[in-house]
Structure formats: C-alpha cells, structure tokens
Asks: 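Below is a structure I'd like to ask you about.
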Amino acid sequence: MPNRLTRDFYIRTDVVQVARDLLGKVLVTRFDGITTAGMITETEAYRAPDDRACHAYGNRRTARTEVMFQEGGSAYIYLCYGIHHLFNVVTAPEDQAHAVLIRAIEPISGLEYMYQRRNLSVKAAPERLTTGPGALSQALGLHTSQTGQSLLDPNSPVWIEEHGQELQPDAIAAGTRIGVGYAGTCAAWEWRFWIRGSRFVRRR
DNA sequence: CAAACGATCGGCT
DNA sequence: GCCGATCGTTTGC
C-alpha cells in the first residue's frame with residue numbers, strides 16, 4: 001500500500017508547495033537492515049536565489065551547496081552548530097537550488113532503534129525522539145556523509161512514502177521559519193508548515 | 001592561515 | 001526561559 005514518491009513529486013518549481021505537500025508523508029531509512037520511519041509533521045522551504053536564509057542565496061555555489069543545484073529527489077544534509085545533522089529534501093529542476101528542511105516527524109516504526117540512537121531511556125516521551133531537525137536525523141541514522149544520496153534509487157537507504165494520509169488545507173498551519181533572524185525581510189516569510197495540533201512539533 | 005558563525009539541543013534555573 | 005557546547009564551512013586578510 002505505501003507508495004514511494006517519484007520524480008514528479010520532487011521536480012516542481014514551487015518549493016513552498018512541496019513543503020506543504022510533504023506533511024503527512026512518511027520518511028523512511030533502512031541502514032544495515034534496520035528500518036525506521038516517521039510521518040512528517042513540520043517542514044520549512046528554502047529557495048535560491050532570492051531567499052537570504054537559503055545557503056545557496058544569490059545562487060552561490062560552494063562544495064556544500066552544490067547538491068542543492070542538482071535535479072530534485074536527493075538529500076541535502078549539513079552540519080549545524082557543529083553537532084546536528086540537518087536533513088533536507090532537494091526539489092525543483094536542475095540549477096534551481098530549492099530545498100525543504102524536515103523539522104519533525106511522528107515515529108511510526110523502529111522506535112526501539114530510535115531510542116538507542118538517541119541514547120534515551122525507554123521512559124522518555126516519544127516526542128523527544130523525533131521532534132526537531134537534529135533530533136530526527138539522529139533517530140533515523142541520518143548523517144552529513146549521506147548528503148547527495150538519492151531518494152529515488154530503488155536501492156537507496158533513504159526515501160519518502162505516501163501512505164494515503166489526506167490533509168485538508170485547514171489541517172496545515174503556517175508561520176515564520178525558525179532561527180533565520182539574520183535573513184532580513186526574508187525572515188518574515190511564512191514558509192514553515194506544520195500539522196495543526198500535532199504533539200510532534202517543536203514550537204507551536 | 002585565522003576567525004566568525006550558525007536552518008539546534010539539552011541541561012539547568 | 002536562558003545559556004553553553006562544538007566543528008565544518010565560509011570568508012576575509
């Protein structure tokens with residue numbers, strides 16, 4: 001029943017719409033036979049060249065941002081604050097550096113492995129597993145070394161599925177992105193989306 | 001080559 | 001609610 005998202009989903013020119021559409025989809029990893037998965041509950045859109053909060057602002061190409069200029073359908077994973085591995089989905093046709101940051105998921109399977117990877121007691125609330133972009137990457141075993149990994153390749157250890165979860169427009173809330181105060185007027189853009197009422201969202 | 005800076009988290013008050 | 005940790009990336013000298 002679960003269907004893997006295909007090129008058509010990722011290769012669209014409106015990254016803000018893709019960020020909305022990713023809510024309710026299921027992010028899955030399978031490393032060394034260990035499968036972990038969770039439903040996406042919170043996202044943020046980033047878009048070069050005009051968005052100052054985007055690492056590829058002004059279409060700046062560096063070794064790190066090069067992945068974002070590729071055709072949509074792969075992962076952009078980078079290190080934040082020297083500690084946290086933040087997972088993004090690259091979207092849009094080649095040369096349009098657009099990406100969606102996955103900020104939170106609701107755990108669905110492999111919770112026991114998530115507790116291990118997060119180094120949390122089983123008594124800890126499940127919200128602590130995957131709420132927050134650094135936390136969910138750790139829970140799913142995602143790492144900067146996997147940046148550029150395809151989400152479309154049938155052999156990929158990372159992909160996103162459709163589970164037939166229908167979200168009505170009023171089930172989606174929008175607000176400003178977190179931690180981008182340095183981005184001037186772009187900081188006011190409401191390009192952060194979350195499932196209204198979800199317990200698996202960091203700041204409501 | 002040196003230095004500043006984060007798309008954060010968790011512990012402590 | 002506040003604050004410090006921590007290091008790869010980037011930019012400037």
Side-chain angles (χ1 to χ4, degrees), chain A residues 15-16 18-20 22-23 27 38 40-70 72 74-92 96-107 114-149 158 160 173-195 198-204:
Chain A
V15 66
V16 178
V18 176
R20 286 189 203 94
L22 278 168
L23 295 174
L27 176 60
I40 297 170
T41 54
E42 184 183 5
T43 62
E44 283 178 0
Y46 289 86
R47 182 184 73 190
D50 55 320
D51 172 15
R52 293 186 68 164
C54 181
H55 292 159
Y57 172 59
N59 283 337
R60 193 176 45 145
R61 300 180 91 113
T62 66
R64 184 177 62 154
T65 63
E66 194 59 32
V67 180
M68 277 202 278
F69 290 87
Q70 293 176 6
S74 57
Y76 169 50
I77 309 177
Y78 74 96
L79 191 67
C80 187
Y81 292 100
I83 306 172
H84 310 290
H85 301 252
L86 270 51
F87 174 81
N88 300 251
V89 177
V90 176
T91 72
Q96 295 185 45
H98 300 181
V100 177
L101 171 67
I102 309 301
R103 290 193 52 88
I105 64 176
E106 175 172 346
M114 296 188 191
Y115 276 100
Q116 279 176 23
R117 287 169 174 158
R118 295 274 295 131
N119 211 6
L120 287 172
S121 151
V122 290
K123 288 187 285 190
E127 286 86 344
R128 296 214 33 210
L129 291 176
T130 55
T131 304
L136 79 88
S137 291
Q138 187 179 29
L140 294 190
L142 293 164
H143 189 271
T144 51
S145 61
Q146 295 144 5
T147 196
Q149 172 66 57
V158 188
I160 302 177
T176 57
R177 295 171 293 178
I178 305 280
V180 298
Y182 60 87
T185 55
C186 304
W189 297 352
E190 298 199 332
W191 283 7
R192 172 175 169 251
F193 304 98
W194 66 94
I195 297 180
S198 170
R199 289 153 53 218
F200 296 88
V201 171
R202 184 155 271 281
R203 309 184 203 180
R204 302 189 226 179

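All values reported here derive from a predicted model rather than from experimental measurement. Protein chains get the first letters and strands the later ones, always in sequence-line order, with residue 1 at the start of each.
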Asks: Give the rounded distance in Å between these two atoms: CZ of A:R177 and P of B:dA7.
Replies: 11 Å
Asks: Between atom CD in A:Q138 and atom C1' in B:dT8, what is the gap in whole Å?
Replies: 12 Å
Asks: Without decimals, in angstroms, what is the distance between A:E42 CD and B:dA7 C1'?
Replies: 11 Å
Asks: Separation of A:H55 atom NE2 from B:dC5 atom P, in whole Å?
Replies: 15 Å
Asks: Produce a footprint string for nucleotides 4-13 of chain C: one letter per nucleotide, 5' end first; B if the base is under 4.0 Å from any protein heavy atom, S if only the sugar-phosphate is, - if neither.
Replies: -BBBSSSS--
Asks: Below 4.0 angstrom from OP1 or OP2 of B:dG6, is there any side-chain N or O of A:Y78?
Replies: no
Asks: Counting C-beta onward and ignoring hydrogens, is there a side-chain heavy-atom pair between A:H98 and A:D51 closer than 4.5 Å?
Replies: no
Asks: Both distances under 3.5 Å, Watson-Crick or G-U wobble: report the partner of C:dG1, or none.
Replies: B:dC12
Asks: In this structure, how many angstroms lie between the P atom of B:dG6 and the OH atom of A:Y57, rounded?
Replies: 15 Å
Asks: Does A:R177 offer a backbone N or O that forms a donor-acceptor pair with the side chain of A:R192 under 3.5 Å?
Replies: no
Asks: I need the CZ-C1' distance between A:F193 and B:dA7, as an integer number of Å.
Replies: 15 Å
Asks: Between A:Y76 and A:Y78, how do the two ring planes meet: parallel, tilted or perpendicular, split at 30° and 60°?
Replies: parallel
Asks: Flag the pair A:S121 / A:Y115 as yes when at least one side-chain heavy-atom distance between them is below 4.5 Å, and no otherwise.
Replies: no
Asks: Paired with C:dT6 by Watson-Crick or G-U wobble geometry, both distances under 3.5 Å: which nucleotide is it?
Replies: none
Asks: Start at the 5' end of DNA chain B and walk down; is the nucleotide closest to A:R118 or to A:Y46 reached first?
Replies: A:Y46
Asks: Any chance the side chains of A:Q138 and A:R118 put a donor and an acceptor closer than 3.5 Å?
Replies: yes
Asks: Could you tell me how far apart A:L136 (CG) and B:dG10 (P) are, to the nearest whole angstrom?
Replies: 12 Å
Asks: Would you indicate whether the side-chain heavy atoms of A:L140 and A:M114 approach each other to under 4.5 Å?
Replies: yes
Asks: What's A:A135 touching, base or sugar-phosphate or nothing? Going by heavy atoms closer than 4.0 Å.
Replies: sugar-phosphate
Asks: Can you tell if the side chain of A:L86 reaches within under 4.5 Å of the side chain of A:L142, non-hydrogen atoms only?
Replies: no
Asks: Select base, sugar-phosphate, or nothing to describe what A:L101 touches, counting heavy atoms under 4.0 Å on all strands.
Replies: base
Asks: Separation of A:L129 atom CG from B:dC9 atom P, in whole Å?
Replies: 13 Å
